[in-house]
Amino acid sequence: MSEATPEQESDRVLNLGVDLGTSRSSVSASNGVRQAVESYVGWPLDMVARKVLKRDVLVGREAIDNRLMLDLHRPLERGLIKEGSDKDVLAVRELLKHLVSLALAGADRESLVVQAVVGVPAEALRVNKQQLRSALKGIVDSLMIVSEPFAVAYGLESLVNALIIDIGAGTADFCVMHGRYPLEEDQRTLPIAGDHVDEQLYRLITSKYPDAKISLHMAREWKERFSFMGAPTEKVWVVAPVQGRPTEFDATEPMRAACESLLPAVKETMLDLISRVQPEYQDRVRNNVILSGGSGLIRGFGLALQEALEEVGGGRVRVVADPLHVGADGGLALAMDAPPSEWDRLAA
Amino acid sequence: MARQDRIKRRMIRQVVRDNLETLEGARPRRRGRRLRTVLTVARVLFLVALPAALFTSSYVLSTVAAEWRDDVWQDGSGNVSPSVRAPVAFSEMEPLPPMDSNQSRVTPQPIDPSVLPLGLHTVVLDPGHGGENEGTVSPTGLVEKEVTLDIAERVRGLLESHSYKVVMTRHRDVDLSLKQRAELANDARGDIFVSIHVNWIENREVRGVETFFLGATEDPYLEALAARENQNSGYSLADFRDILEQVYAGVRQEESRQLAGAVQQALYDSLDAVNSTVRNRGVKSAPFGVLTHTEMPAILAEVACVSNDVEARLLMTPIYRQYLAEAIVEGIQIYARSLGEPNHLEG
């Protein structure tokens, strides 16, 4: 029996970059597939639901749409597996299985070696990484867990003198790139991110319009459509039922206040991290701030951070245009760059 | 380009090494094993050293006491009794000075616990407030009694995973007097007592963590804080005075200071990484009622200021509460490890 050539070997390998997000998860694969799903997993509540849905488990948008018939889980909290629930561990497995099946695009799983790089919050503890690793056992063949903002930096090739601010739903991750894999002191994680804006918006609207019947889910959808910081360019009108009748409300001020509630902590952390960079490199880092993640798309956020940089001599903030996939793309780039000998050491 | 490739290669090696360390050298598990080993060794040494120490001390005490009783006992006037003769071995010594009748014969001195390598097994956790006694309430509706219970439950889980026995003064939303809490801790024979609270400070710009052990204070802010936390204490004034007299001179106060220092440092170090705005408000002594009647080293940690908007927002998130819990556990472990070290109380 002849041995496989390197080309044949690489044909047998499917590299994946995975961003397991609190709200959305995405996968980028070496076969060109790029997919994103909502990070929800649900199991039919009873036999009737199973018969109606004709499935044992539903993932993503399908799970949200059928949530009334499901035991619905959003298994990731602040970018990590929720604690204390075996069901959430199972849900993370189902979520990753689903992402892998999307990436396979019909190819036979058994004929491929699947190698995945998965991003986690910058300051995830080792115990969290172990928990994730054991939850994903058997789904991929080899697994590499990296800090999410590092994956973003790797994907954008901003490896030296850059500050990555990756703000998702659960966490805001910060990482200063010095041309090395970031150490503890190069990274920060704040537990204030998109979910916090949703909660603030929900609270502000319900206190301003106590008769309006709204849900956190509605607040999240409004935020995704209308979020902004600074001066409004137009009024934000939202519709919510009052005693069953759809009624329009002006949500401009609550929206601004909710979005801007992220600013103080993010600004302080950004300036603090920059101040810890060696003085001769601070100028370069200030001019290479990259704002990523779904919440980075809040209109005016980049500008507000740039204004904050004025306090320390000015700088430039670039906003990543495709935040949904940038982490997964970075993970994929890393997966493809890692030599087989290194992958062999990281069997899942 | 070649430089960029070199950087990438180096980074990949570092990523792989980090992953291998996670796979092979899980730090929390290792630390747990080490701690268990330390505790086992401490337990064995304790079992061997305690009977020996008791035997030796009782022998020495009984011998000295017998000699003292026979030879140097004094009459009520303070003069050596004429019937008493100095033993031969002491005949060249100056006679003992007359003893004040109000002075006790043996002045209690703090004992350095490092002479006996004691272990730390049982931790009593006291989530502050409860029931109708809600504690402070933040403008965002955060209620102290709920926050403290949630953090304490997290601490309990972590400590139990490190093989400590944990006793909680409350598991649910009930109102217990401070006296009841202390009695519960004493009945459980806890090795240490940790009371968890969150703070409210008039100046809402102020934020940070501070940890207290029992002692006097002249700081009006601390007096006000203690008065607030001491509501519903269940003690009379006389109780309180007696208790304070008992504890001020004791080793327990010094032990409590050590424990407070370890927890405060761990809280600050850990939180500084996630909340760069956190301030180290230090270790302080104050007359908190809940610390008075406990018969073990006891501290009260004010883990955040809900009067400050940033900290109140952080405290609303489960992950921040988890950070707080992990930091408290880290502090307890640092203290536990220090118990076996020489000159433990000098630190």
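Order of the sequence lines sets the chain letters (A, B, ...), proteins ahead of strands, with each chain counted from 1.
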side-chain contact (heavy atoms from CB on, under 4.5 Å) evaluation trace for E157(A) with K8(B): CA-CA 9 Å; E157(A) 303 230 329; K8(B) 282 183 173 179; 2.4 Å; yes
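- Summarising the geometry, atom CG belonging to L190(A) is positioned 10.5 Å from atom OH belonging to Y320(B); distances are rounded to the nearest 0.5 Å.
- Contact of D272(A) with chain B is made through the side chain alone, with heavy-atom distances under 4.5 Å.
- How far CE of M316(B) is from CD1 of I192(A): 10.0 Å, rounded to the nearest 0.5 Å.
- Interface summary for chain B: among F174(A), W343(A), Y181(A), the most heavy-atom pairs under 4.5 angstrom belong to Y181(A).
- In this structure R13(B) satisfies the side-chain hydrogen bond (donor to acceptor under 3.5 Å, both in side chains) test with no other residue, sequence neighbours excluded.
- For R207(B) and E268(A), the salt-bridge test passes: some basic side-chain N is under 4.0 Å from an acidic carboxylate O.
- For the pair M11(B) and F150(A), the tightest heavy-atom approach, listed with the atom from each and the gap, is SD-CE1, 3.7 Å.
- Using a 4.5 Å cut-off between heavy atoms, V160(A) touches chain B through its side chain atoms alone.
- Residue A265(A): no heavy atom, backbone or side chain, is found under 4.5 Å from chain B.
- More than 12 heavy atoms of other residues, nucleotides or ligands sit less than 6.0 Å from atom CD of E185(A).
- Between N19(B) and R133(A), the side chains place a donor N or O and an acceptor N or O closer than 3.5 Å (distance only, hydrogens not considered).
- The number of heavy-atom neighbours closer than 6.0 Å to NZ of K208(A), taken from other residues, nucleotides and ligands shown, is above 12.
- Atom CG of L20(B) sits about 8.0 Å away from atom CD of E342(A), to the nearest 0.5 Å.
- Residue L273(A) does not touch chain B at all, counting heavy-atom pairs closer than 4.5 Å.
- Contact tally against chain B (heavy-atom pairs below 4.5 Å) for R203(A), R345(A), Q200(A): the top residue is R345(A).
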Dump the intermediate steps for side-chain contact (heavy atoms from CB on, under 4.5 Å) on H196(A) and T317(B), then the final yes or no. CA-CA 9 Å; H196(A) 174 75; T317(B) 64; 5.5 Å; no
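- P339(A) and I12(B) make their closest contact through CD-CG2, 4.2 Å (heavy atoms, listed as atom of the first residue, atom of the second, distance).
- Of the listed residues (L346(A), I145(A), V146(A)), just one forms a side chain to side chain contact (heavy atoms under 4.5 Å, CB included) with V15(B), and that residue is V146(A).
- Scanning all heavy atoms of the two residues, the minimum distance from R313(B) to S261(A) falls at NH2-O, 3.6 Å.
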